[in-house]
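So the structure is just underneath, and the comments pick up after that.
Numbering of ligands and ligand atoms starts at 1, following listing order. Predicted model only: the values in this text are computed from it and were never measured.
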Amino acid sequence: MFYEPADADLPSEHDWSTEKYLNHTPQLFDAVRQAVGPDTHLLHDVHHRLTPIEAARLGKSLEPYKLFWMEDPTPAENQEAFKLIRQHTTTPIAVGEIFNSIWDCKDLIQNQLIDYIRTTVVHAGGITHLRRIADLASLYQVRTGSHGATDLSPVCMGAALHFDTWVPNFGVQELMPHTPLADEVFPHDYHYDGKGLMHCGEKPGHGVEIDEALAAKYPYKRAYLPVNRQQHDGALWNW
Ligand SMILES: [Mg+2]
């Protein structure tokens with residue numbers, strides 16, 4: 001199954017209503033939890049769409065459904081904002097897919113405001129810097145959960161899996177499968193076993209090659225992520 005949200009030459013527009021979202025989401029997880037039973041991990045990505053107090057309300061209302069994590073509940077430029085969420089809910093919090101360094105998450109980790117740090121090899125300074133973030137996180141029992149969207153190439157996934165294999169406070173690795181064509185352009189040794197586990201493979205280094213001749217057959221094609229517009233006044237909102 002392939003999901004590619006960057007689906008248009010110019011951003012497609014979606015409607016957004018925080019009120020409807022906050023009312024609908026607990027009903028959704030109630031139905032899903034009943035359907036899958038107590039043992040399946042459920043994760044939810046809020047995409048920075050809520051204010052801190054709204055995120056606190058969402059986390060609280062989702063507690064009965066025992067989420068594995070609630071991701072990016074509010075923008076994290078102000079790390080202190082997470083204090084407000086933390087004071088109100090025991091739903092675990094994951095953040096960091098757009099962080100660039102340890103300074104973006106130092107306060108979140110040291111103040112125990114999050115449970116999973118989602119920084120990636122490609123955004124957050126490479127393997128060496130990611131190791132520093134993970135070591136800081138381990139002091140506070142924060143686990144890793146590296147971002148793994150399709151706009152991160154198989155090279156990033158190969159490096160991430162080697163990092164994951166090392167990291168003592170590993171949590172989980174996100175996988176959004178690339179298309180078969182992308183996999184062909186980036187021949188790699190890692191694989192998904194179809195049962196929830198990924199393996200980094202045996203090749204030296206990150207184990208990913210780039211077939212430049214094949215890549216040259218596919219020139220750059222612009223593709224944007226969508227944008228949200230507030231239903232009540234049309235203003236742009238986090239997608
Ligand atoms: Mg996300």
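The N, O or S atom of Asp45 with the smallest distance to the Mg ion (ligand 1) is OD2. If you look at Glu71 and ask which of its N, O or S atoms sits nearest the Mg ion (ligand 1), the answer is OE2. Of all N, O or S atoms in Glu97, the one lying closest to the Mg ion (ligand 1) is OE1.
Ion pairing between Glu174 and Arg118 holds under the 4.0 Å rule for side-chain N and carboxylate O.
In this structure, CG on Leu42 lies 11.0 Å from CZ on Phe68, to the nearest 0.5 angstrom.
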Begin with the C-alpha distance, continue with both residues' side-chain angles, and end with the deciding distance and a verdict on side chain to side chain contact (heavy atoms under 4.5 Å, CB included) for Glu19 and Gln231. CA-CA 10 Å; Glu19 287 173 15; Gln231 247 177 14; over 6 Å; no
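Note on Glu174: not counted as a metal contact of the Mg ion (ligand 1), no N/O/S atom lying under 2.8 Å. Asp72 lies apart from the Mg ion (ligand 1) in this respect, since none of its N, O or S atoms is found at a distance under 2.8 Å.
Among all heavy-atom pairs drawn from His88 and Ala56, the shortest one is CB-CB, 3.8 Å.
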Please tabulate, for side-chain N and O atoms in residues 232-239, each donor-acceptor pair with protein atoms closer than 3.5 Å (sequence neighbours left out).
{"unit_1": "Asp233", "atom_1": "OD1", "unit_2": "Ala235", "atom_2": "N", "d": "3.0"}
{"unit_1": "Trp237", "atom_1": "NE1", "unit_2": "Arg49", "atom_2": "O", "d": "3.0"}
{"unit_1": "Asn238", "atom_1": "ND2", "unit_2": "His48", "atom_2": "O", "d": "2.8"}

